[in-house]
Structures are given as C-alpha cells and as structure tokens.
Amino acid sequence: MEKDGSKRLKAFEEMLTAVQNHYSDTVRQMDKLKSAGREKSATYRQLFANKMMYQNMLSLYGIYGLIDEEEQ
C-alpha cells in the first residue's frame with residue numbers, strides 16, 4: 001500500500017509543478033500582450049480565463065493545506 005501512496009505523492013507533486021509553471025507562463029504571456037496594448041484581444045481574454053483557472057486550483061491546494069502560501 002505504501003508504494004501506491006508514494007506514486008500518488010509523486011503524481012501530485014508533478015501536477016502541482018505543472019500548474020505553477022502554467023500559471024507563471026500565462027502571466028508572462030499576458031504581460032507581454034498588455035505591453036503591446038492587446039488587452040482586448042481574444043488571446044488575452046483566453047489567457048485571463050486560464051489564469052483564473054490556475055489561480056483557483058492553487059487556492060484550493062492552499063485551502064486544503066497541500067501547499068504553503070508562498071508557493072501560490
């Protein structure tokens with residue numbers, strides 16, 4: 001049973017890292033579009049929706065004590 005728990009923990013850690021990376025990449029892309037004056041573009045709006053989704057996931061991880069506040 002321990003082996004399954006370590007697999008789950010590893011999968012969770014990989015997922016958390018992926019969500020954090022996607023969040024950072026999305027913010028970076030949004031900043032780039034914003035500096036080009038493209039805040040009203042469809043791409044920017046889609047990125048904004050993605051950012052909210054990733055932010056919500058990170059908040060849920062925090063609420064359940066799965067990550068520290070600094071990691072959000």
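All values below come from the heavy atoms of this structure, side chains included, with hydrogens, waters and symmetry mates left out.
- Transitive grouping of hydrophobic side chains (ILVMFWY, heavy atoms separated by less than 4.5 Å) keeps Val27 and Leu33 in distinct clusters.
- Between Tyr54 and His22, the ring planes lie parallel to each other; the angle is under 30°, not in the 30° to 60° tilted range.
- In this structure, the separation between CD on Glu13 and CD1 on Ile67 is 10.0 Å, given to the nearest 0.5 Å.
- Electrostatic pairing of Lys34 and Asp31 does not count as a salt bridge here, judged by no charged N lying under 4.0 Å from a carboxylate O.
- For the atom pair Thr26 OG1 and Gln55 CD, the distance stands at 11.0 Å (nearest 0.5 Å).
- Judged by distance alone, with hydrogens and angles left aside, the side-chain atoms of Asn56 form no donor-acceptor pair with the main-chain N or O of Met52 at under 3.5 Å.
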Next item on the list: Under the side chain to side chain contact (heavy atoms under 4.5 Å, CB included) rule, what do Leu58 and Leu16 come out as? Steps first, then yes or no, please.
Entry: CA-CA 8 Å; Leu58 292 171; Leu16 174 59; 3.9 Å; yes

Just distance, no hydrogens or angles: give the donor-acceptor pairs under 3.5 Å from side chains in residues 37-49, sequence neighbours left out.
residue, atom, partner, partner atom, Å
Ser41, OG, Arg38, O, 2.9
Ser41, OG, Tyr44, N, 3.1
Arg45, NE, Lys40, O, 3.4
Gln46, NE2, Asn50, OD1, 3.1

Check: What do the steps show when you test Met15 against Tyr61 for side chain to side chain contact (heavy atoms under 4.5 Å, CB included), and what is the final call?
Finding: CA-CA 11 Å; Met15 181 182 170; Tyr61 290 147; 3.0 Å; yes

